[in-house]
Participant: 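So that we are looking at the same thing, I have put the structure below in structure tokens.
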Amino acid sequence: MTAFRFVLVIALATLTARSQQNSRQEPSAQPQSVPPAPCSITRRPAKEFIPPAPYERDANSFWLGTDKLWTFLPELAIWKWAAHQPGHEQEVQPLTAKIFWMRLGYDSRAEQRPALKVTGRRLGGPAPPLLVLPPTNAFQGPGSAMLTGVYVPAPGCWEITGEYHGNKLSFVVWVEPSKSTEQ
């Protein structure tokens, strides 16, 4: 259980590293990012999905889905984006995000390469396809999860969809350039 919490905390830190750095600074030093109005990012639902034990989340994220397929998202679904170096546009690394997917009864020992398909599409404009690493399992035991790494090829509003054994789950995130890629 302790190992699961540690991995979950590391995953959340990866997904929200920039926003956490911004929140540690004084508000006047750097304004909080806000997605533009046309991008309806996924927000915490009025009735949040609560997975069975041993799955836990921290105060800065929420669960989304059903017992057939769920994930967790940061409260403000904003991902930081960095352009690839010329000639490396078809590489998944460096990742934009790691996404953990769970399902009641998923056994990582029995299915080490999960039959999970992750896709993404940019809303409101054209973009190259989402690049996805092959799914793997994140950890062993009763808190098993599936893990995918994704590279979003262009900033903007993106819908990400996971499909596992006929069950689909989609969410919308705003992907904005990191400060290092802005001119």
Participant: Kindly compute the distance separating CD1 (Ile41) from CH2 (Trp79), expressed to the nearest 0.5 Å.
Facilitator: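 One finds 12.0 Å between CD1 of Ile41 and CH2 of Trp79.
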Participant: Of all the heavy-atom pairs spanning Arg122 and Ala154, show the shortest one and how long it is.
Facilitator: NH1-CB, 4.4 Å
Participant: Hey, is the main chain of Val172 close enough, under 3.5 Å, to the side chain of Thr42 for a donor-acceptor pair?
Facilitator: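 Yes; at least one donor-acceptor contact below 3.5 Å.
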Participant: Provide the full list of salt bridge (Lys or Arg N to Asp or Glu O under 4.0 Å) pairs with a residue in residues 151-162, sequence neighbours left out, each pair given once.
Facilitator: Arg121-Glu159
Participant: Under 3.5 Å, side chain of Tyr55 to main-chain N/O of Ser144, donor-acceptor pair present?
Facilitator: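 Present.
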Participant: When rounded to the nearest 0.5 angstrom, what is the spacing between CD1 in Ile78 and CH2 in Trp174?
Facilitator: 9.0 Å
Participant: Quick check: do Arg113 and Thr136 have side-chain heavy atoms less than 4.5 Å from each other?
Facilitator: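 Result yes, sub-4.5 Å side-chain heavy-atom pair found.
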Participant: Taking the side chain as C-beta and beyond, is there a heavy-atom pair between Ile160 and Val150 under 4.5 Å?
Facilitator: no
Participant: When rounded to the nearest 0.5 angstrom, what distance separates CG in Leu147 from CH2 in Trp101?
Facilitator: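 So the gap between those two atoms works out to 11.0 Å.
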Participant: Minimum heavy-atom separation for Ala145 to Phe100, with atom names?
Facilitator: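 The pair with the smallest heavy-atom distance is CB-CD2, 4.3 Å.
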Participant: With sequence neighbours excluded, what pairs up with Thr119 under the side chain to side chain contact (heavy atoms under 4.5 Å, CB included) test?
Facilitator: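 Thr119 satisfies side chain to side chain contact (heavy atoms under 4.5 Å, CB included) with Lys117, Thr161 only.
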Participant: Looking at every non-hydrogen atom in both residues, tell me the closest pair between Pro114 and Tyr106 and how far apart they are.
Facilitator: CG-OH, 3.4 Å
Participant: Apply side-chain hydrogen bond (donor to acceptor under 3.5 Å, both in side chains) to Glu163 and list each qualifying residue two or more places apart in sequence or on a separate chain.
Facilitator: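 Residues passing side-chain hydrogen bond (donor to acceptor under 3.5 Å, both in side chains) with Glu163: none at all.
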Participant: Going by heavy atoms in the side chains, are Leu169 and Phe49 under 4.5 Å from each other?
Facilitator: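 Not in contact.
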Participant: Residues in side-chain hydrogen bond (donor to acceptor under 3.5 Å, both in side chains) with Trp158, at least two apart?
Facilitator: none
Participant: Is the number of heavy atoms from other residues, nucleotides or ligands under 6.0 Å of Gln85 CD greater than 12?
Facilitator: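 No.
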Participant: Quick one: which residue pairs count as a disulfide (SG to SG under 2.5 Å) with a foot in residues 34-118, not counting sequence neighbours?
Facilitator: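 The answer is Cys39-Cys157.
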Participant: Decide whether Leu123 and Val34 are clustered together by the hydrophobic rule: side chain heavy atoms of Ile, Leu, Val, Met, Phe, Trp, Tyr closer than 4.5 Å, transitively.
Facilitator: no
Participant: For Leu116 and Pro135, work out which heavy atoms get closest and say how close.
Facilitator: O-CG, 3.3 Å
Participant: Got a sec, which residues hit side-chain hydrogen bond (donor to acceptor under 3.5 Å, both in side chains) with Gln93, two or more places apart in sequence or on another chain?
Facilitator: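 Checked Gln93 against side-chain hydrogen bond (donor to acceptor under 3.5 Å, both in side chains); zero matches.
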Participant: Using side chain to side chain contact (heavy atoms under 4.5 Å, CB included) as the criterion, list what pairs up with Gln90, not counting sequence neighbours.
Facilitator: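 Leu131.
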Participant: How close do Phe62 and Arg43 get, heavy atom to heavy atom, and via which atoms?
Facilitator: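 That closest heavy-atom pairing would be CZ-C, 3.4 Å.
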Participant: Report yes or no: does Arg44 contribute a side-chain atom to a donor-acceptor pair with the main-chain N or O of Ser61 at less than 3.5 Å?
Facilitator: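 Checked: pair present.
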Participant: In Å, rounded to the nearest 0.5 Å, how long is the span from CE of Met102 to CZ of Phe72?
Facilitator: 6.0 Å
Participant: What are the two closest heavy atoms between Met146 and Leu69, and how far apart are they?
Facilitator: CE-CD1, 4.3 Å
Participant: With sequence neighbours excluded, tell me which residues meet ring pair (Phe, Tyr, Trp, His ring centres under 6.0 Å) with His84.
Facilitator: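 Scan of His84 (ring pair (Phe, Tyr, Trp, His ring centres under 6.0 Å), adjacent residues dropped) gives Tyr151.
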Participant: Quick one: OG1 on Thr66 to CZ on Arg103, what's the gap to the nearest 0.5 Å?
Facilitator: 8.5 Å
Participant: Is Val173 close to Val152 at the side-chain level, that is, under 4.5 Å between some pair of heavy atoms?
Facilitator: no
